[in-house]
Participant: 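Just dropping this structure here.
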Amino acid sequence: MQNQFIEHADAAENFIKDEPRTDWHDETLWFVRQKRDLAVNKIPEWEELREFASKIKDHSLSNLDNYLLEFERNAQNNGIQVHWALDAKEHNSIILDIIKKNNVSKIVKSKSMLTEECHLNEFLQENKIEIVDTDLGEWIVQLRKETPSHIVLPAIHLKKEDVGETFHQNLGTQKGLTDPKELTEIARDYLREKFLSAELAITGVNFAIAETGGFVVCTNEGNADMGVHLADIHIACMGFEKIIPKLNHLSVFLRLLARSATGQPITTYSSHFHKPRVGQQMHIIIVDNGRSNQLARPDFRNSLKCIRCAACFNTCPVYRRSGGHSYHNAVAGPIGSILAPNINMRENADLPFASTLCGSCSNVCPVKIDIHQQLWKWRQVLMEEGHGKSSKKIGMQLLNLIFTKPKIYRLVGWIGRMIMKKLPFSISNSLNPWYKQREMPEVPKNSFREWYLKNKK
Ligand code: SF4
């Protein structure tokens, strides 16, 4: 199910081969970004909210030991069983244990990027356990054996024609169906049956409140609620950074989250879970999986403030025109490119380079993460740690030589102009990928220096 690892630039090159799809992907996400702007501009205190949210997260991250333990205590007093997982492996085996202990075979899951990060679906399938994703977009990508390409809109890379074909191939529906209403009805019928028969429901956690021991799950489809209310067991999975100190703080984040994500004033279902209903088991798994390492890196600590709204995805010119699968990581986009190298520097060394560093991501981030600064910082760390490509290193050393030695600079400029004039074919080949997608500038007759020396009087 996991995409085979292809570097971002190569995967992006594949994605943009389909020009109409690239344009449509770009425009659709830009539309979401504009909806965000309209919603944000209606809130005069928006900047104060961002500042406040950023400070609450700062404070929470600095006092995680206290707040997580306070949360555990209160949750246990409410009858919730709390588990701690050091990594993805432990997270998955805790879930498998609960499944086996309770002899469960039917599981539904609402959207949780943490379970994607831990590759839970693949793990359960290897253990011959069926799990059905119930978020519509996530279910569609599950049928296609793909991963979500966006954390809020998991199937945003697909058109309704693709969905019709996916249903035809997997569910035997009529070929050529493209009407969104009909397609949704088909999904509703299929998923309704899964909800009614599910014995266990897995959800993510958007916010866990230390003061109450309760947690909040936000969805637009109500699928988390449907799963949890019908199943006898609820497992909620959270990265430890989801903790906030007080119930009072929740409104700050709920106001920021939906507006930043889709331009809605509030997510349709912001459901509070405090204790299991009579006869139900409720578990919460608090996961580290590399977060402690990130917390210990002063330059990247702030990335743990992320509330997964995806505003940075929708505004990013690189994400919009390269698609989420190019990032070969559960969380794609600008924030994914900061989180991924923390988990595996070597495998994800390409991601911080998948950015123009324009700063648009940092401008829209509701919790004020300095995203583009961190991407730039990762580039430096990766080069220092020896994960940069040797071609890039050699290129940089060459540029250093050229830019620091005026005579070499002038000579290289002259050679460059000659090559561009005499051998125009030589600049559009695999040695020079920059020009594959770009128009050539006209070659100047002289260098600026020559022009200046001639014209300075
Ligand atoms: S980094 Fe900021 S903008 Fe990006 S998903 Fe996280 S909270 Fe949203």
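Heads up: numbering here begins at 1 and tracks the sequence. As the structure lists them, so they are numbered: ligands from 1, and atoms in each ligand from 1.
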Participant: Should the ring pair F273 and H229 be called parallel, tilted or perpendicular, given that the plane angle runs from 0 to 90° and is split at 30 and 60?
Facilitator: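 If you compare the ring of F273 with that of H229, the planes turn out tilted.
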Participant: Give the residue, atom name and distance (to 0.1 Å) of the protein heavy atom nearest atom 7 (S) of ligand 1.
Facilitator: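 For atom 7 (S) of ligand 1, the nearest protein heavy atom is I307 N, 3.4 Å.
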Participant: May I ask you to check whether E146 and H157 show a side-chain donor-acceptor distance below 3.5 Å?
Facilitator: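 Distance-only check passes for E146 and H157.
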Participant: Which protein heavy atom lies closest to atom 5 (S) of ligand 1, and at what distance to 0.1 Å?
Facilitator: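 For this ligand atom, the closest protein heavy atom is A310 N, 3.2 Å.
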Participant: Tell me whether atom 4 (Fe) of ligand 1 has C312 as a neighbour, meaning an N, O or S atom of it below 2.8 Å.
Facilitator: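 A backbone or side-chain N, O or S atom of C312 is under 2.8 Å from atom 4 (Fe) of ligand 1.
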Participant: Could you tell me which non-hydrogen atom of T115 sits nearest to which non-hydrogen atom of K109, and how far apart they are?
Facilitator: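 The answer is OG1-NZ, 3.1 Å.
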Participant: Heavy-atom distances under 4.0 Å decide this one: backbone, side chain, both or neither, for P334 against ligand 1?
Facilitator: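 P334 to ligand 1: no contact under 4.0 Å from either part.
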Participant: Below 2.8 Å, can you find an N, O or S atom of C309 next to atom 8 (Fe) of ligand 1?
Facilitator: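 Coordinating: yes.
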Participant: I need the atoms of ligand 1 closer than 4.0 Å to a non-hydrogen atom of I335, numbered in the order shown.
Facilitator: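 Answer, ordered by atom number: 1 (S).
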Participant: Does one side chain, of N348 or N329, offer a donor that lies under 3.5 Å from an acceptor on the other?
Facilitator: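 Their side chains do not contain a donor-acceptor pair, so the 3.5 Å distance test is not met.
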Participant: Which atoms of ligand 1 sit under 4.0 Å from any heavy atom of I371?
Facilitator: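 Ligand 1 atoms under the 4.0 Å threshold to I371: 1 (S).
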Participant: Considering only non-hydrogen protein atoms, determine which one is nearest to atom 2 (Fe) of ligand 1 and report residue, atom name and distance to 0.1 Å.
Facilitator: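 The answer is C365 SG, 2.4 Å.
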Participant: Mind checking whether S260 has a heavy atom under 4.0 Å from ligand 1?
Facilitator: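 No.
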Participant: According to the interplanar angle, ranging from 0 to 90°, do the rings of F253 and F207 count as parallel (below 30°), tilted (30 to 60°) or perpendicular (above 60°)?
Facilitator: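 Answer is tilted, since the angle falls between 30° and 60°.
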Participant: Parallel under 30°, tilted from 30 to 60°, perpendicular over 60°: which one fits the rings of H25 and Y319?
Facilitator: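 Correct class here is tilted.
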Participant: With heavy atoms of I369 as the reference, note each atom of ligand 1 found under 4.0 Å away.
Facilitator: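 Taking each heavy atom of I369 in turn, ligand 1 has 1 (S) under 4.0 Å.
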Participant: Decide if the gap between the ring center of W139 and the ring center of F167 is smaller than 6.0 angstrom.
Facilitator: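 When the ring centroids of W139 and F167 are compared, they turn out to be within the sub-6.0 Å range.
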Participant: Do any of the N/O/S atoms of C306, backbone or side chain, fall under 2.8 Å from atom 6 (Fe) of ligand 1?
Facilitator: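 Short answer: yes, at least one N, O or S atom is under the cut-off.
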Participant: Does the residue V364 have a heavy-atom contact with ligand 1, meaning some pair of atoms that are separated by less than 4.0 Å?
Facilitator: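 In this structure, V364 fails to qualify as a contact of ligand 1 - no heavy atom is under 4.0 Å.
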Participant: Any luck finding a side-chain donor-acceptor pair between K305 and S54 under 3.5 Å?
Facilitator: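 K305 vs S54: donor-acceptor pair found between side chains.
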